[in-house]
Student: 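Please see the structure below; I have some questions.
Counting starts at 1 for both ligands and their atoms, in listed order.
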Amino acid sequence: MNFFLPKQVVRAIDALEAAGYAAYAVGGCVRDQVLGIMPHDYDVCTAASPEEMQRVFENQRTIETGLKHGTLTVLMGGMPLEITTFRQDGDYLDGRHPETVRFTRRVEDDLSRRDFTINAMAYSPTRGLCDPFGGREDCAAGIIRCVGVAEKRLEEDALRILRALRFSARLGFPIEEHTARAIHEGKAGLLRISTERISSELNGLLLGGHAGEVLAEYPDVLGTVLPLRLLTGHEVDWPCSLRRIDYAAPDLAIRWAALLLDAGLETAGVLRALKMPVKLTENVSHLVRECRALDRDVPMQEMLMRLGPDQLRQCLLLRQADRVVRQPDQKETIEADTREKLREAEMLIQGNACCTLGQLAVNGRDMAALGLKGKAIGQTLNALLLAVVRSEIPNEKEALMKRAASMQA
Ligand code: CTP
């Protein structure tokens, strides 16, 4: 197998090896390469203790934030690289953080405390692949399997339950039977995990190409992490919502809106409870609200005014997903209709169609000149914009002033 390691990673591994310490690239970057995917970052692990690492890299800039847990960040040619001493973690008493960190000189020990076989491989340019738990085989077969006893791995860090679902959704790999059972049985452990960590995993999961499919197999896990109490009184068709996710474009706001479309106004509450970023929350609730407006055939220029260009595109794609899932036999017609609508929207956007107050041929000063004051100015401008957007009047100063004056009469 041909492994590629950036030269900064090779230099760090070489420096450690030259000082007599075994060193490997480890975790996600090895998994991705075995799977033929380009890794997005590289981690290194080594037999050197934190102090020994510091001596090896004394001429490099280093950041010591994770030193207590054995991690030193070394700036190799400008690239921050996390290097961690081989660890054999102690008991995770709170199900989150290891209470004690025990260092070890054996890479196999370090790999044995990792979550899944596909993540428990290490690679060194001189030592080759270290794969004591059959990670390569599971990559080839396409299986997510815990290292060792699944219950124990998931108890140590219950977030691993969502990680398993995320990898399954992203890679399209089923979860092995024992691991799956341990997930169902251990899901309550997620209640001890911080909302931020859960949300970040959920976001990753939702972006996977098989997210809906995976969640359909683990509705109990979804029920544990989503604040469902906020949805009482809403008829959420979960099977349909999950199918909608897999059809929807892999865009975080669209995927969340696909999941929460039936939740209507409660969507914002659900995302706030999950401590999602305000921008995402607003984006998703906008899409959920306005998707129904598209059903009512509100004119495209008015939709552009209500949503802006980016959200309008998202909304059209969301609605497409919703319609296709409800009428799968109409898929082709619905897709053609969406293409047509996207084209219509694009023409309006490119043609700089009036859809904001700033594009209106009159402004606040013009309204003041008509004798309007305070709130009335904004209200009149908004009414004029709506009239323009609905093609009732042209966006020309004379026509707009006349309409504004008549509105006062
Ligand atoms: N790991 C673990 N248990 C966790 C988190 C991480 O055992 N709860 C180990 C795994 O070996 C994992 C490595 O730490 O491969 C790095 O974790 P992380 O950077 O979170 O994810 P990656 O596996 O690199 O995957 P990705 O970056 O694609 O999410």
Side-chain angles (χ1 to χ4, degrees), residues 5-6 9 24-46 65-66 69-71 73 80-92 94-98 101-102 104 107-123 129-136 138-139 144-173 175 179 182-183 186-187 189-190 192-194 196-211 225 250 252:
L5 293 178
V9 178
Y24 296 82
V26 71
C29 68
V30 181
R31 173 200 67 224
D32 285 351
Q33 295 224 16
V34 169
L35 290 169
I37 302 171
M38 191 64 185
H40 61 89
D41 72 348
Y42 292 81
D43 295 318
V44 169
C45 62
T46 179
T65 39
H69 293 100
T71 304
T73 304
L81 187 64
E82 285 198 353
I83 308 180
T84 306
T85 306
F86 296 150
R87 282 174 3 192
Q88 230 173 343
D89 286 342
D91 293 326
Y92 293 70
D94 62 354
R96 271 185 295 187
H97 306 294
V101 177
R102 278 183 297 149
T104 153
V107 66
E108 291 81 4
D109 294 339
D110 183 273
L111 296 175
S112 73
R113 55 102 190 161
R114 292 178 181 262
D115 50 9
F116 309 114
T117 56
I118 61 169
N119 288 343
M121 294 183 277
Y123 172 79
L129 189 69
C130 179
D131 176 23
F133 302 102
R136 200 166 158 174
D138 283 348
C139 279
I144 310 292
R145 182 200 313 269
C146 277
V147 171
V149 182
E151 289 77 9
K152 199 158 168 270
R153 285 291 91 74
L154 302 183
E155 263 168 36
E156 285 165 358
D157 181 1
L159 190 72
R160 287 171 169 169
I161 292 173
L162 284 185
R163 282 175 61 86
L165 268 54
R166 169 164 67 87
F167 287 121
S168 176
R170 173 175 153 211
L171 302 171
F173 291 1
I175 299 172
T179 303
I183 287 177
K187 60 180 180 290
L190 283 165
R192 293 197 305 267
I193 303 291
S194 78
E196 289 81 357
R197 291 182 82 208
I198 292 210
S199 301
S200 145
E201 282 302 328
L202 272 179
N203 286 342
L205 199 173
L206 278 184
L207 284 174
H210 305 263
V225 289
L252 197 54

Student: Any idea which of R163, R31, R114 brings a heavy atom closest to atom 28 (O) of ligand 1?
Tutor: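 Answer by nearest heavy atom: R31.
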
Student: Heavy-atom contact check, 4.0 Å cutoff: does L159 meet ligand 1?
Tutor: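 False for this residue.
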
Student: Is any N or O atom of D43, backbone or side chain, closer than 3.5 Å to an N or O atom of ligand 1?
Tutor: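 It does not: no N or O of D43 is found under 3.5 Å from an N or O of ligand 1.
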
Student: For the backbone of F133 and the side chain of T117, can you confirm whether one donor and one acceptor N or O come within less than 3.5 Å of each other?
Tutor: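 It does not hold such a pair.
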
Student: Is the closest heavy atom of H40 to ligand 1 under 4.0 Å?
Tutor: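 H40 counts as a contact of ligand 1 under the 4.0 Å cut-off.
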
Student: Using a strict 4.0 Å threshold on nitrogen-to-oxygen distance, state whether R136 and D131 make a salt bridge.
Tutor: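 No.
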
Student: Is it true that a side-chain atom of S168 and a backbone atom of F173 form a donor plus acceptor pair closer than 3.5 Å?
Tutor: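 Judged by distance alone, yes, a pair lies under 3.5 Å.
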
Student: To check your reading of the model: name the closest protein heavy atom to atom 3 (N) of ligand 1, its residue, and the distance in Å.
Tutor: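 It is R160 NE, 3.0 Å.
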
Student: Determine whether the side chain, the backbone, both or neither of D157 has a heavy atom under 4.0 Å from any heavy atom of ligand 1.
Tutor: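 Near ligand 1, D157 shows its side chain, while the N, CA, C and O stay back.
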
Student: Closer than 4.0 angstrom, basic N to acidic O: yes or no for E155 and K152?
Tutor: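 Salt bridge absent between E155 and K152.
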
Student: Nearest to atom 29 (O) of ligand 1, what protein heavy atom do you find, and at what distance?
Tutor: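 Protein heavy atom with the smallest distance to atom 29 (O) of ligand 1: R166 NH1, 2.9 Å.
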
Student: Applying a strict 4.0 Å limit to heavy atoms, is R153 in contact with ligand 1?
Tutor: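 No, R153 has no heavy atoms under 4.0 Å from ligand 1.
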
Student: Can you report which non-hydrogen protein atom sits closest to atom 7 (O) of ligand 1, along with the distance?
Tutor: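 Residue, atom and distance for the closest contact: D115 N, 2.8 Å.
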
